[in-house]
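Remarks on the structure that follows.
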Amino acid sequence: MPIIESFSADHTKMKAPAVRTSKVVHTPGGDVVTVYDLRFCQPNAAVMEQGGLHTLEHLLAVFMRQHLDSEEQEVIDISPTGSRTGFVLTVLGKPAEQAVADALRSSLYSIIAVKDESGIPGYNRFQCGAWREHSLEEAKNIAKAVLSVGISFNNNEDLKLDDTLIKN
């Protein structure tokens, strides 16, 4: 069974909040797709609560596109990690990690500025499958916490998991 990229990174060494380029894919058509790990919480130490995580998912879907999309790159998707410690950002193109961190920082400030639930995209039963599981207050608290610490970078070489620790 192949080892998934995320499972080959030593989560005990990850810094958070941080950005990391986790994978670069070159498609048969010549496009480049880059996957980023946007780590909000220290793995195995903290998680984002469901309501705040869900609201962040909706808001980041809009704000990361506003702050990162350009002629050279376009956000394909941003989804929470199963561990609830961050998000996976998939981009058509290969923006620098600093550009991703800057877009994330700007997005978090945009989230803090959202006045009320009417500012949450898709906040209704027609556009969201769990629309009652939102918390703008939690989302803002998470955004403030990330900004107060600052966004750093994780390096894949530093996180390379020793083969003896990989369990298939």
Side-chain angles (χ1 to χ4, degrees), residues 1-44 47-48 50 52-111 120-123 127-130 134 139 142-143 146-147 149-163 165-168:
M1 176 181 299
I3 299 296
I4 304 301
E5 184 284 323
S6 177
F7 300 152
S8 65
D10 188 339
H11 286 61
T12 67
K13 295 180 180 177
M14 284 184 180
K15 295 179 282 192
V19 170
R20 176 176 68 95
T21 303
S22 60
K23 186 176 187 177
V24 179
V25 176
H26 298 273
T27 70
D31 292 314
V32 175
V33 177
T34 311
V35 180
Y36 299 89
D37 176 338
L38 308 181
R39 196 61 54 164
F40 281 44
C41 302
Q42 192 65 44
N44 300 306
V47 297
M48 292 179 277
Q50 179 58 33
L53 175 75
H54 190 187
T55 302
L56 282 172
E57 177 187 16
H58 280 238
L59 292 167
L60 287 172
V62 171
F63 291 136
M64 284 298 287
R65 285 173 171 86
Q66 286 178 354
H67 296 295
L68 192 61
D69 282 1
S70 70
E71 293 286 324
E72 295 81 34
Q73 62 220 17
E74 182 176 346
V75 172
I76 295 171
D77 185 51
I78 183 164
S79 300
T81 62
S83 63
R84 299 183 319 190
T85 60
F87 290 84
V88 176
L89 171 68
T90 306
V91 179
L92 179 61
K94 192 176 183 227
E97 287 180 343
Q98 186 63 57
V100 173
D102 292 344
L104 178 57
R105 188 176 302 100
S106 295
S107 295
L108 295 173
Y109 280 116
S110 296
I111 287 165
I120 302 171
Y123 181 66
Q127 294 176 290
C128 179
H134 281 276
I142 294 166
V146 168
L147 291 168
V149 173
I151 300 168
S152 63
F153 301 92
N154 281 312
N155 179 293
N156 288 325
E157 284 303 311
D158 295 340
L159 300 179
K160 188 170 177 162
L161 191 61
D162 185 294
D163 288 343
L165 299 174
I166 295 176
K167 309 286 186 214
N168 286 332

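What you see is a predicted model; the values in this text were computed from it and never measured.
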- request: Sorted by first residue and then second, give each ring pair (Phe, Tyr, Trp, His ring centres under 6.0 Å) pair with at least one member in residues 67-96; sequence neighbours left out.
  value: F40-F87
message: Checking F63 now: which residues fulfil ring-ring contact (aromatic ring centres under 6.0 Å, His included) with it, not counting sequence neighbours?
response: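 Expected list: none.
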task: Taking ring-ring contact (aromatic ring centres under 6.0 Å, His included) as the test, write out the residues that go with H58, two or more places apart.
output: H54, H134
If you compare all heavy atoms of [X] against all heavy atoms of [Y], which two are closest, and at what distance to 0.1 Å?
X    : Y    : answer
G122 : C128 : O-CB, 3.2 Å
E57  : I78  : CG-O, 4.4 Å
Y36  : E97  : CE2-CG, 4.4 Å
R20  : N156 : NH1-OD1, 2.6 Å

Partners meeting side chain to side chain contact (heavy atoms under 4.5 Å, CB included) with [X] (sequence neighbours left out):
X    : value
V24  : T21, H26, V32, T34, K94
S152 : K15, A18
D158 : N155
D69  : R65, E74, V75

- prompt: If you look only at pairs with a residue in residues 81-92, which of them pass as a side chain to side chain donor-acceptor pair (under 3.5 Å), with sequence neighbours excluded?
  reply: R39-T85, T81-S83, S83-T85
Once side chain to side chain donor-acceptor pair (under 3.5 Å) is applied, do any residues pair with [X], and if so which ones, sequence neighbours excluded?
X   : result
S70 : E72
E71 : none
Q50 : none

With heavy-atom distances below 4.5 Å as the criterion, would you say the side chains of [X] and [Y] are in contact?
X   : Y    : value
L68 : L89  : yes
P95 : V100 : yes
L60 : I111 : yes
L56 : I142 : yes

message: Run the salt bridge (Lys or Arg N to Asp or Glu O under 4.0 Å) test against D102 and tell me which residues pass, sequence neighbours left out.
response: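 D102: salt bridge (Lys or Arg N to Asp or Glu O under 4.0 Å) contacts with R105.
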- request: Give the C-alpha distance, both sets of side-chain angles, the deciding distance and a yes or no for side-chain contact (heavy atoms from CB on, under 4.5 Å) between S22 and V35.
  value: CA-CA 6 Å; S22 60; V35 180; 3.4 Å; yes
field: L38 and I151: CA distance, side-chain angles, deciding distance, side-chain contact (heavy atoms from CB on, under 4.5 Å) verdict
entry: CA-CA 9 Å; L38 308 181; I151 300 168; over 6 Å; no
